[in-house]
Amino acid sequence: MTIPFDKLKARLLANPKVKAEYDALAPEFEIAAELLRARLRAGFSQAELATRMGTSQSTIARLESGQTLPSTKTLLRMPRLPAASSGYVYQQPDLPPGHSPRRLRVHCMVLMR
């Protein structure tokens, strides 16, 4: 018997530890989603964007799927695209009382108009 994804997700997220880890990954997946939206707004295919950036189509696919976060080198190549700009947002993670941050999350959003 197959369980629909939405039901499985709801069941898993009912566990507070799973929910906390899921929520912690949200900013990273937002980066991937914004990269995809930016490419589509610019009207590029993955292959076209890869060629313009001097990378491979599979690298673009991995970035857009959230399998990997973009390196600084990759992000610095994106603003060279036509009508592109980049912005940086630094965010302290939300932590329960009594917990110290293990790292400062740094998010770099690339927007192509």
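- Atoms CZ and CD1, from Arg52 and Ile60 in turn, are 12.0 Å apart once rounded to the nearest 0.5 Å.
- Listed by chain and number, the residues in a side chain to side chain contact (heavy atoms under 4.5 Å, CB included) with Ala61 are Gln46, Gln57 (sequence neighbours excluded).
- A distance of 7.5 Å separates CG of Leu13 from CG of Asp23, quoted to the nearest 0.5 Å.
- Atoms OG1 and CG, from Thr59 and Leu63 in turn, are 6.5 Å apart once rounded to the nearest 0.5 Å.
- Lys7 pairs by the side chain to side chain contact (heavy atoms under 4.5 Å, CB included) definition with Ile3, Pro4, not counting sequence neighbours.
- With sequence neighbours excluded, no residue satisfies salt bridge (Lys or Arg N to Asp or Glu O under 4.0 Å) with Lys9.
- Grouping Ile, Leu, Val, Met, Phe, Trp and Tyr residues whose side-chain heavy atoms lie under 4.5 Å apart, directly or via other members, places Leu36 in a hydrophobic cluster with Leu40.
- Sorted by first and then second residue, the salt bridge (Lys or Arg N to Asp or Glu O under 4.0 Å) pairs involving residues 58-75 (not counting sequence neighbours) are Arg39-Glu64.
- Closest heavy-atom contact between Ala32 and Ser65: CB-C, 4.4 Å.
- Take Thr68 and apply the side chain to side chain donor-acceptor pair (under 3.5 Å) test, not counting sequence neighbours, and it matches no residue.
- For Ser45, the side chain to side chain contact (heavy atoms under 4.5 Å, CB included) partners at least two apart in sequence or on another chain are Ala47, Glu48.
- For the atom pair CE of Met53 and CZ of Phe44, the computed distance is 11.0 Å after rounding to the nearest 0.5 Å.
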